Participant: 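Mind having a look at this structure? Questions to follow.
What you are looking at is a predicted structure, and each value in this text was computed from that prediction instead of being measured. All values below were derived from every heavy atom in this structure, side-chain atoms included, with hydrogens, water molecules and symmetry-related copies excluded. Every number for a ligand or one of its atoms is a count from 1 in the order of the listing.
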Amino acid sequence: MKKRVLITGGAGFIGSHLCERLLKEGNEVICLDNYFTGSKDNVVHLLDNPYFELIRHDVTHPYFIEVDEIYNLACPASPVHYQYNSIKTIKTSVMGAINMLGLAKRIKARILQASTSEVYGDPLIHPQPESYWGNVNPIGIRSCYDEGKRCAESLFVNYNEQNNVDTKIIRIFNTYGPRMNPEDGRVVSNFIMQALLGEEITIFGNGEQTRSFQYVDDLVEGMIRMMKSGKEFAGPVNIGNPNEFSMLELAQKVIELTNSKSKLIFQPLPADDPTQRQPDISLAKKELDNWEPNVQLKEGLSKTIEYFDQLLKNGWTRK
Ligand code: NAD
Ligand code: UDP
């Protein structure tokens, strides 16, 4: 059935893929974004579609509209960007959640929160199941993001219990793909751009820290299945690819796939950088109709490299 769907942060990397997919499935999509880290360029190809609306709005202010579903994605996601104005990051997570939950309550819409594996902090349990409470430094440089997202989860749970709002929480693990901001400082975009430009590849620390990288199409499938799941399952549920790599292994793969001559350079590890991260996805498999990721690193990286290569061919240069 055709739905009217609001996506906050819809002009960002993940949001733009979600807009595209929901439109393709015949829904009406309203994309709300303040373009802090996202861009009109990410959704410009959708503007001809009469069922797509693009609105400049900051989610720290209330917004009123009639929709059936809300995906709440507005929030900078890369450490460089979320630390740029840490107080604003907290406001976006917390006030954004309050404003969108208030809207969902008023119009009786179902609402999904894009939470994060960062709620597990530097995890002491490996891989991380949803039942793990995490190991987060509440006053560290990542806390504006981690604690903002943890508070948003608490708001979602409490609006559900106290006000009967139909909420869903997914915890997204490191996701990559076309339309990542080439300068947002995340490791996949950094390494690919550096490799394509023949620059040194910046490894933070000794490069032995690990992440589990998920291609964006697998995430979008998981998000949509979560939104469609029964009311009794509110989550949180991990959505990620359990294949885990060290940053050194990632750099090696990127160099191979780009045929780059770039050399590795080692730089200091930022404070509180998690040592390891891998999702336990058994709950997602059980509750979301056997959902699991299909795109493995080599295939996903190749598609992402193709995107960044095209950006460069179209004249993109560093600011
Ligand atoms: P992104 O930075 O590309 O997208 C975030 C979008 O939110 C941008 O378009 C930005 O302009 C918008 N935004 C930021 N502050 C806003 C505000 N106050 N009002 C309105 N819009 C605002 O990042 P992304 O990777 O697409 O992440 C999307 C969501 O998924 C975020 O909530 C992020 O925390 C979550 N997430 C992403 C990952 C990942 O690996 N990409 C992992 C875990 C969680
Ligand atoms: N990283 C790196 N070089 C870079 C950017 C990041 O070695 O140029 C490392 C970073 O220290 C972290 C990992 O890559 O250990 C993932 O970083 P990202 O910012 O992509 O995601 P997050 O740390 O939020 O999972």
Side-chain angles (χ1 to χ4, degrees), residues 7-19 31-40 42-43 55-61 63 71-83 85 88-89 91-93 95-97 99-100 112-120 122 142 145-146 148-149 152 170-177 179-181 184-194 199-216 219-220 223 238-240 245-248 250-251 264-277 279:
I7 304 179
T8 75
F13 155 53
I14 295 172
S16 63
H17 288 272
L18 186 62
C19 288
C31 167
L32 219 67
D33 208 294
N34 71 348
Y35 308 123
F36 174 49
T37 51
S39 154
K40 275 189 190 168
N42 287 337
V43 287
I55 296 159
R56 181 190 290 263
H57 179 79
D58 187 316
V59 293
T60 58
H61 301 285
Y63 188 79
Y71 287 86
N72 188 38
L73 273 63
C75 187
S78 93
V80 173
H81 281 134
Y82 69 62
Q83 286 160 21
N85 184 343
K88 177 69 192 220
T89 299
K91 285 185 181 168
T92 295
S93 266
M95 293 163 67
N99 287 330
M100 287 304 136
L112 179 146
Q113 168 68 356
S115 190
T116 168
S117 53
E118 288 289 326
V119 301
Y120 302 123
D122 191 2
R142 296 172 84 99
Y145 183 73
D146 300 7
K149 288 284 189 179
I170 57 166
R171 291 183 179 154
I172 304 171
F173 283 65
N174 296 63
T175 302
Y176 69 98
R179 300 200 204 110
M180 288 183 93
N181 181 332
D184 81 358
R186 283 187 268 190
V187 70
V188 174
S189 42
N190 268 11
F191 285 4
I192 294 178
M193 289 308 287
Q194 289 162 343
E199 298 169 352
E200 288 173 322
I201 293 191
T202 50
I203 307 276
F204 298 167
N206 61 13
E208 280 165 16
Q209 70 272 35
T210 66
R211 295 292 186 272
S212 306
F213 296 104
Q214 158 173 250
Y215 188 66
V216 64
L219 167 63
V220 167
M223 292 177 104
N238 291 336
I239 303 286
F245 298 89
S246 72
M247 296 313 105
L248 284 173
L250 177 70
L264 306 186
I265 176 178
F266 290 84
Q267 296 185 347
L269 188 69
D272 298 334
D273 199 285
T275 319
Q276 53 179 4
R277 189 181 285 154

Participant: Can any side-chain N or O of Asp58 pair as donor or acceptor with the backbone N or O of Asn34 at less than 3.5 Å?
Facilitator: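 No; zero donor-acceptor contacts below 3.5 Å.
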
Participant: Check whether Arg211 reaches the backbone of Pro274 with its side chain - one donor and one acceptor, N or O, closer than 3.5 Å.
Facilitator: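 Flag set: sc Arg211 to bb Pro274 pair under 3.5 Å.
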
Participant: Please write down residue, atom name and distance for the protein heavy atom closest to atom 13 (C) of ligand 2.
Facilitator: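 Nearest neighbour among protein heavy atoms for atom 13 (C) of ligand 2, to 0.1 Å: Met247 SD, 3.7 Å.
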
Participant: Where do Val43 and Gly10 come nearest, in terms of heavy atoms and distance?
Facilitator: CG1-O, 3.8 Å

Participant: Evaluate side chain to side chain contact (heavy atoms under 4.5 Å, CB included) for Phe213 paired with Val187, printing each intermediate quantity in order.
Facilitator: CA-CA 10 Å; Phe213 296 104; Val187 70; 3.8 Å; yes

Participant: Could you check whether any side-chain N or O of Gln209 sits under 3.5 Å from a backbone N or O of Gly207, counting only pairs where one atom can act as donor and the other as acceptor?
Facilitator: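 Confirmed, Gln209 side chain pairs with Gly207 backbone.
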
Participant: Heavy atom to atom 23 (O) of ligand 1, shortest distance: which of Arg186, Gln214, Met180, Met223 holds it?
Facilitator: Arg186

Participant: Could you check whether any side-chain N or O of Ser78 sits under 3.5 Å from a backbone N or O of Gly185, counting only pairs where one atom can act as donor and the other as acceptor?
Facilitator: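 Not confirmed, Ser78 side chain does not pair with Gly185 backbone.
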
Participant: Of the listed options (Val187, Thr116, Asn174), which comes nearest to atom 21 (O) of ligand 2 when hydrogens are ignored and any heavy atom counts?
Facilitator: Asn174

Participant: Look at atom 5 (C) of ligand 1 and find which of Gly38, Cys75, Ala11, Ala77 reaches it with the closest heavy atom.
Facilitator: Cys75

Participant: Could you check whether any heavy atom of Ser78 sits closer than 4.0 Å to an atom of ligand 2, since that is the contact criterion I want to use?
Facilitator: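 No, that is not the case, since the closest heavy atom of the residue is not under 4.0 Å from the ligand.
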
Participant: Report yes if the side chains of Gln214 and Pro279 come closer than 4.5 Å at any heavy-atom pair, otherwise no.
Facilitator: no

Participant: Got an N/O contact under 3.5 Å between Lys149 and ligand 1?
Facilitator: yes

Participant: Indicate yes or no: does an N/O atom of Phe191 lie under 3.5 Å from an N/O atom of ligand 2?
Facilitator: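 N/O-N/O distance below 3.5 Å does not exist for this pair.
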
Participant: So if I count the atoms of ligand 2 from 1 in the order they appear, which ones are less than 4.0 Å from some heavy atom of Gln209?
Facilitator: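 The atoms of ligand 2 under 4.0 Å from a heavy atom of Gln209 are 9 (C), 11 (O), 15 (O).
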
Participant: If we only consider heavy atoms of Asn181, is any one of them less than 4.0 Å away from an atom in ligand 1?
Facilitator: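 Judged by the 4.0 Å heavy-atom criterion, Asn181 does not count as contacting ligand 1.
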
Participant: Check this for me - ligand 2, Thr202, N or O atoms closer than 3.5 angstrom, yes or no?
Facilitator: yes

Participant: Output yes when the distance from some N or O of ligand 1 to some N or O of Pro76 is under 3.5 Å, and no in every other case.
Facilitator: no

Participant: May I ask you to check whether Thr60 has an N/O atom sitting below 3.5 Å from an N/O atom of ligand 1?
Facilitator: no

Participant: Met247 and Phe191: which non-hydrogen atoms are nearest, and at how many Å?
Facilitator: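 In terms of heavy atoms, the two residues are closest at O-CE2, 3.5 Å.
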
Participant: Below 4.5 Å, heavy atoms only, C-beta onward: do Tyr71 and Ile14 meet side chain to side chain?
Facilitator: no

Participant: Heavy atoms, side chains only, cut-off 4.5 Å: are Phe36 and Lys88 in contact?
Facilitator: no

Participant: Within ligand 1, which atoms have a heavy atom of Tyr35 less than 4.0 Å away?
Facilitator: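 In order of numbering, the contacting atoms are 11 (O).
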
Participant: Using distance alone, determine whether Ala74 and ligand 1 share an N or O pair under 3.5 Å.
Facilitator: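 No, Ala74 has no N/O under 3.5 Å of an N/O on ligand 1.
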
Participant: If you count the atoms of ligand 1 from 1 in the order shown, which ones are under 4.0 Å from a heavy atom of Gly12?
Facilitator: 3 (O), 4 (O), 8 (C), 9 (O)

Participant: Side chain of Gln194, backbone of Thr202: donor and acceptor closer than 3.5 Å?
Facilitator: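 Yes, the answer is positive, given that a donor and an acceptor are paired below the 3.5 Å cut-off.
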
Participant: Between Leu73 and ligand 1, is there a nitrogen or oxygen pair with a distance under 3.5 Å?
Facilitator: yes

Participant: Taking distance alone, with N or O pairs closer than 3.5 Å, would you say Ser115 contacts ligand 1?
Facilitator: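 No; the residue has no nitrogen or oxygen that sits under 3.5 Å from a nitrogen or oxygen of the ligand.
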
Participant: Would you check if Tyr145 and Cys75 make a side-chain contact, meaning some heavy-atom pair closer than 4.5 Å?
Facilitator: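 Yes, their side chains come closer than 4.5 Å.
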
Participant: What about Gly15: any of its N or O atoms under 3.5 Å from an N or O on ligand 1?
Facilitator: no

Participant: Heavy-atom pairs closer than 4.0 Å: do any link ligand 1 to the side chain of Ser39, the backbone, both, or neither?
Facilitator: neither

Participant: Nearest heavy atom to atom 37 (C) of ligand 1 wins, so pick from Asn85, Ile14, Thr175.
Facilitator: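 Going through Asn85, Ile14, Thr175 one by one, Ile14 has the nearest heavy atom to atom 37 (C) of ligand 1.
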
Participant: List the atom of Thr89, the atom of Pro76, and the distance in Å for their closest heavy-atom pair.
Facilitator: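 It is OG1-CG, 4.0 Å.
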
Participant: Would you check whether Ser117 reaches within less than 4.0 Å of ligand 2, judged by its heavy atoms?
Facilitator: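 Outside the 4.0 Å threshold, so no.
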
Participant: Below 4.0 angstrom from a heavy atom of Asn190, which ligand 2 atoms are there? Numbered from 1 as shown, please.
Facilitator: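 The atoms of ligand 2 under 4.0 Å from a heavy atom of Asn190 are 4 (C), 5 (C), 8 (O).
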
Participant: State whether the side chain of Lys91 and the backbone N or O of Val59 hold a donor-acceptor pair below 3.5 Å, judged by distance alone.
Facilitator: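 No, Lys91 side chain to Val59 backbone: no donor-acceptor pair under 3.5 Å.
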
Participant: I want to confirm something. Looking only at heavy atoms, which of Tyr145, Phe36, Tyr71 is nearest to atom 33 (C) of ligand 1?
Facilitator: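 Shortest heavy-atom distance from atom 33 (C) of ligand 1: Tyr145.
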
Participant: Provide the number and element of each atom of ligand 1 under 4.0 Å from a heavy atom of His57.
Facilitator: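 Atoms satisfying the 4.0 Å criterion: 19 (N), 20 (C).
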
Participant: Nearest to atom 9 (O) of ligand 1, what protein heavy atom do you find, and at what distance?
Facilitator: Asp33 OD2, 2.6 Å

Participant: Under a 3.5 Å distance rule, please check whether Thr175 uses its side chain to pair with a backbone N or O of Phe173 as donor and acceptor.
Facilitator: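 Yes: the side chain of Thr175 pairs with the backbone of Phe173.
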
Participant: Heavy-atom contacts with Pro79 under 4.0 Å: which atoms of ligand 2 show up? List them by number with element.
Facilitator: 19 (O), 24 (O)

Participant: Would you kindly specify which portion of Asp273 sits under 4.0 Å from ligand 2, judged on non-hydrogen atoms: side chain, backbone, both or neither?
Facilitator: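 It is the side chain that touches ligand 2; the backbone stays farther off.
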
Participant: Note the single closest protein heavy atom to atom 19 (N) of ligand 1, along with its residue, its atom name and the distance in Å.
Facilitator: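 Checked against all protein heavy atoms, atom 19 (N) of ligand 1 sits closest to Val59 N, 3.0 Å.
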
Participant: Which protein non-hydrogen atom lies closest to atom 43 (C) of ligand 1, naming both residue and atom, and how far is it?
Facilitator: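 Here the closest protein heavy atom is Ile172 O, 3.1 Å.
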
Participant: Any nitrogen or oxygen of Arg186 lying under 3.5 Å from a nitrogen or oxygen in ligand 2? Just yes or no.
Facilitator: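 The answer is no, given that Arg186 and ligand 2 share no N or O pair closer than 3.5 Å.
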
Participant: Of the side chain and backbone of Arg142, name the one, both, or neither that has a heavy atom under 4.0 Å from an atom of ligand 2.
Facilitator: side chain

Participant: Nearest non-hydrogen contact with atom 2 (O) of ligand 1 belongs to which option: Val119, Thr37, Val188?
Facilitator: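 Result: the heavy atom closest to atom 2 (O) of ligand 1 is in Thr37.
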
Participant: Please report whether ligand 1 has a polar contact with Asn174, defined as an N or O pair separated by less than 3.5 Å (distance criterion only).
Facilitator: no

Participant: Angle class for the Tyr176/Tyr215 ring planes (parallel below 30°, perpendicular above 60°, tilted otherwise)?
Facilitator: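 It falls in the perpendicular class, over 60°.
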
Participant: Which atoms of ligand 2 are found less than 4.0 Å from any heavy atom of Gly185?
Facilitator: 5 (C)

Participant: On a heavy-atom basis, which atom in Tyr63 and which in Ile55 lie closest, and how many Å separate them?
Facilitator: OH-CD1, 3.1 Å

Participant: In terms of residue, atom name and distance, what is the protein heavy atom nearest to atom 5 (C) of ligand 2?
Facilitator: Phe204 CE1, 3.4 Å

Participant: State plainly whether the residues Asp122 and Arg142 are in salt-bridge range, i.e. N to O under 4.0 Å.
Facilitator: no

Participant: At a 4.0 Å threshold, what atoms of ligand 2 neighbour a non-hydrogen atom of Ile203?
Facilitator: 7 (O)

Participant: Test of understanding: given a 4.0 Å heavy-atom threshold, classify the contact between Gln267 and ligand 2 as side chain, backbone, both, or neither.
Facilitator: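 The answer is neither.
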
Participant: Consider ligand 2: state whether an atom of it lies below 4.0 angstrom from any non-hydrogen atom of Arg277.
Facilitator: yes

Participant: Measure from the side-chain N and O atoms of Thr8 to the backbone N and O of Leu73, and report whether any donor-acceptor pair falls under 3.5 Å.
Facilitator: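 Indeed, once roles are kept as given, a pair shorter than 3.5 Å links the two residues.
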
Participant: What is the nearest protein non-hydrogen atom to atom 13 (N) of ligand 1, stated with its residue, atom name and distance?
Facilitator: Asn34 OD1, 3.3 Å

Participant: Does Ser16 offer a backbone N or O that forms a donor-acceptor pair with the side chain of Asn42 under 3.5 Å?
Facilitator: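 Judged by distance alone, no pair lies under 3.5 Å.
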
Participant: Any donor-acceptor pair under 3.5 Å linking the side chain of Asn99 with the backbone of Thr60?
Facilitator: yes

Participant: Please tell me if the side chains of Ile192 and Met180 come closer than 4.5 Å, counting only heavy atoms from C-beta onward.
Facilitator: no

Participant: Is Leu32 in polar range of ligand 1, meaning some N or O pair under 3.5 Å apart?
Facilitator: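 No; every N/O pair is 3.5 Å or more apart.
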
